[in-house]
Engineer: 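Quick one: the structure is below, questions incoming.
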Amino acid sequence: MASGPLDAFYYKRIFVYSLRPYQKEAVEATLAHFRKSRRPAVIVLPTGAGKSLIIAELAKIARGRVLVLAHVKELIEQNFEKFSAYGCEAGIYSAGLNQKESNQKVIFGGIQSVARAPDSFFKDFSLLVVDECHRVSGDGSAQYSQVISKVASSNPEICILGLTATPYRLDCGWIYQYNHNGALRTEEPRVFKKCIYELTLGRMIDEKYLTPPVQIDAPVASYDFSSLMLQLGRQTFQLAEIEAILKDQSRVTPVIIQNIIELSRDRKGVILFTASVRHAGEILSLLPPGSSAMVLGDTPDTERDTIIKRFKAREIKYLVNVSVLTTGFDAPHVDLIAILRPTESVALYQQIVGRGLRLFEGKKDCLVLDYTGVPHDIYSPQIADRRPTSDSVPVKVSCPKCNHANDFWGVLGGDGELKEHFGKKCQGAVENPETGEIIPCGFRYRFRTCESCGTENDYSAESCRQCSTMFIDDGTKLKSAMSDREAHVMRPDSMTFELKVDKSGRERLEVRYYDLNAQHLSEVFFFSSPNDPKVFYYNFIRMHNRLPEKKLKVESIDDAIRQKDNFRLPLYIIARKQERFWKIREKLFL
């Protein structure tokens, strides 16, 4: 291989290990990327895809020294053992494993220990690999950021690679900016710039590298978490609210546990994911005492190691935990996952289910029992926005400008056709091959129009990009209107279109919005002059169009009534008193 941007690597055409095809693809993608760029990159692989072998292959063919980071000792040991099993020498730098070696070519380190290592430790590394890299935040004071800064200071040409099954954080969204398939995940700065390889769970199962999951929603009973709402500004559910719901529905728990016991009679290993320490203790008390155990965040290391060792040896059948076994835990015999806690994201749900999808002799499937009443689809793509309505499903929406296939929430009709989607901006982008610059498509499905200058802005913009006028967000508008005696706030339940005639004989379109109490607000539109259809477009179609990329031609009242099913209902309407009537002033949408 000629010298150049990839001097850090010595590439061999013949792979030393018996890698699976997708593992070879991931290695190839890494080499291709770092030949051209030093921009930190991400590989996304489902749980059970064998990240350790990919790490081992990259560490072996790297020309310089390699540092592999993980956040728990189980992952450190797992990566070290995979690498060492092929006759390769490596060191471990982890206080939790009572080893602090730093002279070998490849070092497997714990982030807590490495972050406190002396400056001399960070010299000469040419490749930094971060396992479970979704734990890396943009906070400059965080341990991962400090380590990345130190290795980069020692070697500005360092290659930085992250691996994860869940490239999404609840606090900030996507952990990288751009995907190799052309999707712009975020325009905000991120430590990792590009996802260079991604493998779907569906392909892993289709190609028989993972065990098929059999998802069952509420097999006999479930908790009712429908009242659980994320508070404004928060990314996770409040534990106190979850606990209150569980205590109120405590009679359901024994029924659920009995159902788990019955369905697991012919199963090898069962992991139960619970909501809290109290909840876990309650569940453990209902399981068979001789074959059940519990692991918590504060379980002493020696006790935890013993419990996990006994579980892997199948001396224990039921293992109860509270957010402990979502990463870095490998027990292939597990063939039943019971979910008894609400999950905020598809990413967390996939991590949980992934604990039961590894291959094991005699294992035909993994039973996934969801007792939350709000299960996720493990095959669905991660969508940044939360599910807007209960009937929303992930949909593909092609951009009319760049043809990028966007992943949005949408609603399908009975015939499977897309009736409505909630996308606001195209996710497509292109990468300049010379500079690496990411150029967004920029097409807006829905936008915020500046009342001062008329400029179209991103729906989430805080100020106008043209004149800098500050926008008032919908939440503030709603709160202000609710406290204003001169305002009337309605949450409409239905919408009707009718042709009406006023006292002078002029025809008009009346759009009425009804709430659950059958009270209504209305607005009227005329179609008697050439400009009236334009007024209807700007004041109605532009906001109400269920599929904004499709232009609706409405030039008469009959056109509007005929196409009424193409228009969406506002979430809230704000009206203000005008003489004896309420006049609609604001319509707020999802």
Engineer: Got a donor-acceptor contact below 3.5 angstrom from the Tyr209 side chain to the Tyr22 backbone?
Structural biologist: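 Such a contact is absent between Tyr209 side chain and Tyr22 backbone.
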
Engineer: Stepwise, does the side-chain contact (heavy atoms from CB on, under 4.5 Å) test hold for Asn406 with Lys396?
Structural biologist: CA-CA 5 Å; Asn406 292 281; Lys396 292 284 186 183; over 6 Å; no

Engineer: With rounding to the nearest 0.5 Å, note down the distance linking NZ in Lys51 to CD in Gln78.
Structural biologist: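 Answer rounded to 0.5 Å: 7.0 Å.
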
Engineer: Ion pair present between Asp305 and Lys73, side-chain N to carboxylate O less than 4.0 angstrom?
Structural biologist: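 Salt bridge present between Asp305 and Lys73.
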
Engineer: State, with a plain yes or no, whether a side-chain heavy atom of Lys564 is found less than 4.5 Å away from one of Met495.
Structural biologist: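 The answer is no; the side chains never approach within 4.5 Å.
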
Engineer: If you apply the rule side-chain contact (heavy atoms from CB on, under 4.5 Å), what do you find for Tyr371 with Asn259, and how did you get there?
Structural biologist: CA-CA 10 Å; Tyr371 296 93; Asn259 183 244; 2.7 Å; yes

Engineer: Check the pair Arg135, Ile111 against side-chain contact (heavy atoms from CB on, under 4.5 Å), reporting the backbone distance first and the verdict last.
Structural biologist: CA-CA 11 Å; Arg135 303 185 71 85; Ile111 180 60; over 6 Å; no

Engineer: Looking at OG of Ser222 and CD1 of Ile256, how far apart are the two atoms once the value is rounded to the nearest 0.5 Å?
Structural biologist: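 Rounded to the nearest 0.5 Å, the OG-CD1 separation comes to 7.0 Å.
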
Engineer: Relative to each other, are the rings of Tyr513 and His544 parallel, tilted or perpendicular (30° and 60° limits)?
Structural biologist: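 Answer is parallel, since the angle falls under 30°.
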
Engineer: Quick one: do Arg444 and Asp458 make a salt bridge, cutoff under 4.0 Å?
Structural biologist: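 Answer for the salt bridge query: yes.
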
Engineer: Parallel under 30°, tilted from 30 to 60°, perpendicular over 60°: which one fits the rings of His279 and Tyr223?
Structural biologist: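 Perpendicular, since the angle between the ring planes exceeds 60°.
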
Engineer: Only counting residues at least two apart or in another chain, list the ones meeting ring-ring contact (aromatic ring centres under 6.0 Å, His included) with Tyr514.
Structural biologist: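 Partners of Tyr514 by the ring-ring contact (aromatic ring centres under 6.0 Å, His included) criterion, ordered by chain and then number, come out as His520.
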
Engineer: Does a side-chain heavy-atom distance below 4.5 Å link Glu549 with Ser398?
Structural biologist: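 They are not in side-chain contact.
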
Engineer: Checking Asp365 now: which residues fulfil salt bridge (Lys or Arg N to Asp or Glu O under 4.0 Å) with it, not counting sequence neighbours?
Structural biologist: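 With sequence neighbours excluded, Asp365 shows a salt bridge (Lys or Arg N to Asp or Glu O under 4.0 Å) to Arg267, given in chain and number order.
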
Engineer: Can the ring centres of Phe192 and His134 be said to be less than 6.0 Å apart?
Structural biologist: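 Centroid separation for Phe192 and His134: 6.0 Å or greater.
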
